[in-house]
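See structure below.
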Amino acid sequence: MPEITAFRAIRYRPERFGGDWSALIAPPYDVLGAADKARLLERCERNIVAIDLPHVPPESAGPDEVYQAADGLLRRWLADGTLQQDDRPAIYVYHQEYAHAGRTYLRRKFFARMRLEPFGAGTVFPHEQTFGGPKEDRLKLMQATRCQLSAVFGLYSDPAGEVSGLFEVAGRAPDVTAVADGVVNRLWAVSDPAVIEAVARAMRDRPVYIADGHHRYGTALMYRDMLAGQRGSLPPDDPAQFVLVGFCAMEDPGAIILPTHRVISDFSDVPPARVLEALRHGVALEPLPVSPEDADRILPPDSPHDLAVYVAAGNALYAGRFTQRGMMDRLAAEMSPAWRQLDVAYIHRVLIDHFVRQALDGRACRTQYCKVTADTIPLARSTGGVALFCKACTVGQLKAVSDAGDLMPQKSTFFYPKLATGLVICPLEA
């Protein structure tokens with residue numbers, strides 16, 4: 001079962017930057033572009049993005065010199081006191097306070113190292129497929145810096161709050177506060193050996209489900225295996241045997257999943273009205289008495305409907321309930337019952353791949369994805385398409401699909417907010 005350990009993090013030097021790191025942290029590398037990187041560095045040239053994103057875009061490996069430059073910058077910052085390594089191993093308690101849809105949430109997590117194991121061995125479960133290009137970029141950066149610069153986001157079950165109850169930080173000022181994109185990030189280092197041991201013990205019987213960071217986890221496996229091949233073997237306590245993880249309880253009230261909506265278009269000479277009729281074969285639609293501009297109210301989580309449909313031609317909005325759930329047993333017979341129950345699986349297998357494709361005489365339409373609800377209708381209008389507003393899957397559904405050995409459909413989960421990069425760096429050298 002999971003082996004959790006403390007580590008001596010590399011962090012920004014508090015004597016130099018104080019307790020406000022708002023200008024130093026960054027979103028994860030995989031949501032940033034060149035303009036984002038420039039904006040962060042304009043605010044502070046020592047923002048972590050200078051090291052963590054040497055090649056833009058990071059979908060493929062860049063030239064060796066950009067990774068060597070990132071390592072050179074890391075070593076200079078360690079030498080000049082920008083960064084320093086903590087004296088004692090610690091687990092780092094991490095809270096994120098944020099607002100969504102008019103509510104304020106607090107998501108409680110902690111950073112620690114977890115022993116690596118291949119997916120499917122029984123302790124660590126993926127929930128989505130990964131692709132080679134981003135892992136190659138991350139591997140070259142890891143090889144150059146000998147560090148894990150950003151964390152995997154891992155979920156575990158803790159309905160009684162046993163693990164989070166071990167951290168007594170409520171009455172203690174955070175070591176660091178950083179505000180970015182409206183999210184307040186707070187960090188506490190916990191170096192008490194008794195607490196660290198209690199956390200490791202409490203986590204031993206709890207499988208971990210990867211929420212975000214599949215590429216980072218896969219890269220850590222590649223790096224470990226590469227070193228083992230070069231050296232013949234690695235000792236059990238070698239830092240490369242572990243991966244940096246931000247752990248969060250599935251039951252934490254702040255652990256919400258947001259939906260990713262779909263916009264289908266490129267219907268060729270088939271009018272959108274015919275596409276709408278095709279959708280009606282699998283969903284009962286009724287006009288929705290909400291303005292299409294009122295994005296937050298189109299499909300609230302407590303809606304009795306399964307999805308909402310917006311047709312740009314005619315500026316019409318509908319709410320709908322699925323009517324052909326039984327078709328999933330035939331169209332997705334190779335998948336587990338848990339997978340076949342997913343709304344987004346039904347949307348693709350039954351609505352898009354079956355009924356819409358029939359209306360297009362066997363042709364596939366174009367599918368685009370929107371994480372921001374307010375962007376969905378404008379995209380549908382600009383493409384002359386049809387927007388499908390989805391409900392978010394639940395953490396319980398993710399767990400059930402992972403336990404069954406399946407992977408979630410593409411763009412099924414959007415964990416918000418993302419873990420900030422720059423709060424802790426995990427060195428891969430003893």
Side-chain angles (χ1 to χ4, degrees), residues 100-103 105 107 127-128 155 209 211-212 250-264 276 279-280 282-311 316-328 331-332 335-356 367-377 379-380 385-402 406-417:
H100 174 67
R103 289 185 56 189
Y105 295 87
R107 191 171 67 183
H127 89 268
E128 68 179 13
L155 298 168
Y209 302 84
D212 262 341
M250 291 179 173
E251 299 82 6
D252 189 284
I256 65 172
I257 302 177
L258 302 184
T260 299
H261 308 300
R262 275 72 174 150
V263 174
I264 55 176
L276 180 63
L279 291 172
R280 289 184 185 276
V283 58
L285 295 174
E286 58 188 59
L288 193 64
V290 176
S291 166
E293 311 301 334
D294 194 358
D296 288 338
R297 295 179 56 201
I298 287 177
L299 192 68
D302 59 353
S303 171
H305 299 102
D306 296 313
L307 86 166
V309 176
Y310 172 78
V311 184
L317 185 67
Y318 305 87
R321 296 185 181 181
F322 300 146
T323 58
Q324 300 290 340
R325 288 273 193 184
M327 290 182 65
M328 289 294 287
L331 297 178
M335 308 304 291
S336 66
W339 193 93
R340 294 198 295 268
Q341 286 299 311
L342 295 172
D343 286 358
V344 71
Y346 182 93
I347 288 169
H348 280 274
R349 289 290 179 98
V350 175
L351 297 184
I352 298 176
D353 296 344
H354 185 73
F355 288 124
V356 171
T367 303
Q368 295 172 275
Y369 302 90
C370 281
K371 292 180 179 178
V372 179
T373 303
D375 293 343
T376 309
I377 286 177
L379 178 60
V386 174
L388 305 177
F389 290 90
C390 309
K391 280 185 170 179
C393 81
T394 67
V395 174
Q397 288 176 314
L398 183 152
K399 180 179 183 297
V401 170
S402 299
D406 283 336
L407 299 174
M408 300 285 285
Q410 184 181 16
K411 305 292 185 183
S412 298
T413 57
F414 175 35
F415 290 91
Y416 177 83

Task: Nearest-0.5 Å distance that lies between atom CG in D375 and atom SG in C370 - done: 5.5 Å
Open item on the list: Under a 3.5 Å distance rule, please check whether S303 uses its side chain to pair with a backbone N or O of P300 as donor and acceptor.
Closed with: no
Task: Step-by-step side-chain contact (heavy atoms from CB on, under 4.5 Å) determination, Q324 to F322 - done: CA-CA 6 Å; Q324 300 290 340; F322 300 146; over 6 Å; no
- [ ] Flag the pair D343 and R325 as a salt bridge only when some basic side-chain nitrogen lies within less than 4.0 angstrom of an acidic carboxylate oxygen.
- [x] yes
Open item on the list: Contact between P409 and L342 at the side-chain level, heavy atoms closer than 4.5 Å - yes or no?
Closed with: yes
Open item on the list: Is there a side-chain contact between I298 and I377 in this structure, where contact means two heavy atoms from C-beta onward sitting under 4.5 Å apart?
Closed with: yes
Task: Working for side-chain contact (heavy atoms from CB on, under 4.5 Å), residues L285 and L276 - done: CA-CA 9 Å; L285 295 174; L276 180 63; 3.6 Å; yes
Task: Donor-acceptor contact present, side-chain S402 to main-chain L398, <3.5 Å - done: yes
Open item on the list: Which heavy atom of Y105 sits nearest to which heavy atom of H100, and what is that distance?
Closed with: CE1-O, 3.8 Å
TODO: Report yes if the side chains of V344 and C393 come closer than 4.5 Å at any heavy-atom pair, otherwise no.
DONE: no
- [ ] Taking all non-hydrogen atoms of both residues into account, name the closest pair between L288 and A319 and its distance.
- [x] CD1-CB, 3.4 Å
Open item on the list: Any non-hydrogen side-chain atom of L351 less than 4.5 Å from a side-chain atom of L307?
Closed with: yes
Open item on the list: Let me confirm one number: the CD1-CD distance from I264 to Q368, rounded to the nearest 0.5 Å.
Closed with: 11.0 Å
Task: Residue pair H305 / G320: nearest heavy atoms and the distance that separates them - done: CB-O, 3.4 Å
Open item on the list: Are the side chains of I257 and F414 in contact, using a 4.5 Å heavy-atom criterion?
Closed with: no
Task: side-chain contact (heavy atoms from CB on, under 4.5 Å) assessment of Y346 paired with Q341 - done: CA-CA 8 Å; Y346 182 93; Q341 286 299 311; over 6 Å; no
TODO: Calculate, to the nearest 0.5 Å, the distance between atoms CG and NE2 belonging to D353 and H348 respectively.
DONE: 7.5 Å
- [ ] Return yes if some donor-acceptor pair links the side-chain N/O of D406 with the main-chain N/O of M335 below 3.5 Å, else return no.
- [x] no
Task: Main-chain N/O of T394 paired with Q397 side-chain donor or acceptor, under 3.5 Å - done: yes
Open item on the list: With a 3.5 Å distance limit and no angle check, can you tell me whether R262 reaches the backbone of V386 through a side-chain donor-acceptor pair?
Closed with: no
Open item on the list: Rounded at 0.5 Å granularity, tell me how far CG in L258 sits from NZ in K391.
Closed with: 14.5 Å
Task: Closest heavy-atom pair and its distance - G254, R107 - done: O-CD, 3.4 Å
TODO: Decide yes or no for V263 and L388: does some side-chain heavy atom of the first lie under 4.5 Å from some side-chain heavy atom of the second?
DONE: no
Task: Test item: F389 and V309 side chains (from C-beta on) under 4.5 Å apart, heavy atoms - done: no
- [ ] Supply the atom-to-atom distance T367 OG1 to Q410 CD, rounded to the nearest 0.5 angstrom.
- [x] 9.0 Å
Task: Separation between SG of C390 and NZ of K411, rounded to the nearest 0.5 Å - done: 13.0 Å
TODO: May I ask you to establish whether R280 and Y318 are in a cation-pi arrangement, using a distance under 6.0 Å from NZ or CZ to the six-membered ring centre and at most 45° from the ring axis?
DONE: yes
- [ ] With the side chain counted from C-beta on, respond yes when W339 and R349 share a heavy-atom pair under 4.5 Å apart, and no when they do not.
- [x] yes
